[in-house]
Amino acid sequence: MADVKPLSRSEREALIKDKAGWVITVLAALLAINTLMGGSNSSKVLNNTIDANNTWAFYQAKSIKQTLAEQSYEDAVRNKDTKKADAYKAKIDRYESDPKTGEGKKELMEKARKLEADRAVAKSRSPWYTYAGSLFQIAIVLLTASILAVNNRLYVASIAVGIFGALLMSQAVWLWLPIIL
């Protein structure tokens, strides 16, 4: 049987460079996508916070107007002015619920709570995007080190770290693990 000649350092380096180049490209693409999605998620958290706060402020304004209308209604009833009392009663009812405009207190409360729930989901995704991005960066550094050191173990470690980063990115996107951070 013929003796197999070990590869020279430059031949090993060429092999690692060929493999690592493709993996770096994939990891860099995943990092870019993760960064884009994480940024979009952060914007969603901020926008939903602002929208929920604005909706609750509108709710409070409706509550104040409703309280004023209730006082006026009571005065109209006390003065036996049924025409005014009926008008105030209709106004009070519209402040409580106005499905036509969606601006009654009932509808505003539902809207604000939905915004808060959406924000809570987006907030639960944030750490996963952060962790995944960090792991993609570490994997790229390990790949670069594997080329410089001509070390196949670093190459394999970088792939393992990259796969773990992709797993965490999938958690950020689908929240498939029931883990709360």
Side-chain angles (χ1 to χ4, degrees), residues 1-61 101-103 106-181:
M1 186 159 195
D3 287 329
V4 178
K5 179 183 158 196
L7 297 175
S8 70
R9 179 178 170 84
S10 61
E11 289 170 327
R12 288 188 326 228
E13 184 177 357
L15 285 175
I16 287 179
K17 279 183 181 178
D18 285 346
K19 296 186 296 184
W22 286 105
V23 177
I24 286 175
T25 302
V26 170
L27 289 173
L30 285 172
L31 176 59
I33 292 166
N34 185 74
T35 301
L36 179 69
M37 292 172 72
S40 175
N41 189 66
S42 294
S43 294
K44 185 174 187 170
V45 170
L46 180 62
N47 289 336
N48 282 1
T49 299
I50 292 168
D51 290 345
N53 288 346
N54 287 343
T55 303
W56 283 119
F58 193 23
Y59 176 92
Q60 289 173 333
T101 64
E103 294 182 350
K106 177 183 173 191
E107 293 79 16
L108 291 171
M109 182 184 296
E110 288 172 9
K111 180 181 175 184
R113 288 193 173 144
K114 169 127 179 39
L115 288 164
E116 289 173 338
D118 290 348
R119 178 189 62 203
V121 170
K123 284 175 84 172
S124 71
R125 295 176 194 276
S126 290
W128 299 111
Y129 283 119
T130 302
Y131 300 148
S134 296
L135 288 177
F136 289 140
Q137 290 175 23
I138 291 167
I140 290 169
V141 168
L142 287 172
L143 273 167
T144 305
S146 76
I147 294 169
L148 295 173
V150 189
N151 188 315
N152 206 44
R153 284 181 291 200
L154 283 174
Y155 171 78
V156 171
S158 70
I159 290 178
V161 171
I163 289 170
F164 192 54
L167 189 67
L168 294 185
M169 183 177 163
S170 74
Q171 171 65 9
V173 173
W174 295 297
L175 294 174
W176 53 275
L177 285 173
I179 298 173
I180 299 171
L181 295 179

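Residue numbers start at 1 and run along the sequence shown.
Smallest separation of non-hydrogen atoms from Asn48 and Arg119: ND2-N, 3.5 Å. Counting all heavy atoms, side chain and backbone alike, Ser126 lies closest to Asn41 at OG-ND2, 3.1 Å. The nearest pair of heavy atoms linking Ala52 to Leu115 is N-CD1, 3.7 Å.
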Donor-acceptor contacts under 3.5 Å from residues 20-39 side chains, at least two apart:
{"from": "Thr25", "atom 1": "OG1", "to": "Gly21", "atom 2": "O", "distance (Å)": "2.9"}
{"from": "Asn34", "atom 1": "ND2", "to": "Tyr129", "atom 2": "O", "distance (Å)": "2.9"}
{"from": "Thr35", "atom 1": "OG1", "to": "Leu31", "atom 2": "O", "distance (Å)": "2.8"}

Side chains of residues 161-177: which donor-acceptor partners sit under 3.5 Å, not counting sequence neighbours?
{"from": "Ser170", "atom 1": "OG", "to": "Leu167", "atom 2": "O", "distance (Å)": "2.6"}
{"from": "Ser170", "atom 1": "OG", "to": "Trp176", "atom 2": "NE1", "distance (Å)": "2.9"}
{"from": "Gln171", "atom 1": "OE1", "to": "Trp176", "atom 2": "N", "distance (Å)": "3.1"}
{"from": "Gln171", "atom 1": "OE1", "to": "Leu177", "atom 2": "N", "distance (Å)": "2.7"}
{"from": "Gln171", "atom 1": "NE2", "to": "Leu177", "atom 2": "O", "distance (Å)": "3.1"}

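In this structure, the separation between CD on Glu103 and CG on Leu108 is 6.5 Å, given to the nearest 0.5 Å. Taking CG from Asp51 and CG from Leu46, the interatomic distance works out to 9.5 Å, rounded to the nearest 0.5 Å. We find the CG-CD1 distance between Leu154 and Ile147 to be 11.0 Å, quoted to the nearest 0.5 Å. From Lys17, atom NZ reaches atom CG of Leu148 across 8.5 Å, with rounding to the nearest 0.5 Å.
Side-chain atoms of Val121 and Arg125, non-hydrogen and from C-beta on, do get closer than 4.5 Å to each other.
Here side chain to side chain donor-acceptor pair (under 3.5 Å) pairs that include residues 137-165, with residues two or more places apart or in two chains, are Lys19-Asn152.
Using a 4.0 Å cut-off between a side-chain N of Lys or Arg and a carboxylate O of Asp or Glu, Lys111 and Glu107 do not qualify as a salt bridge.
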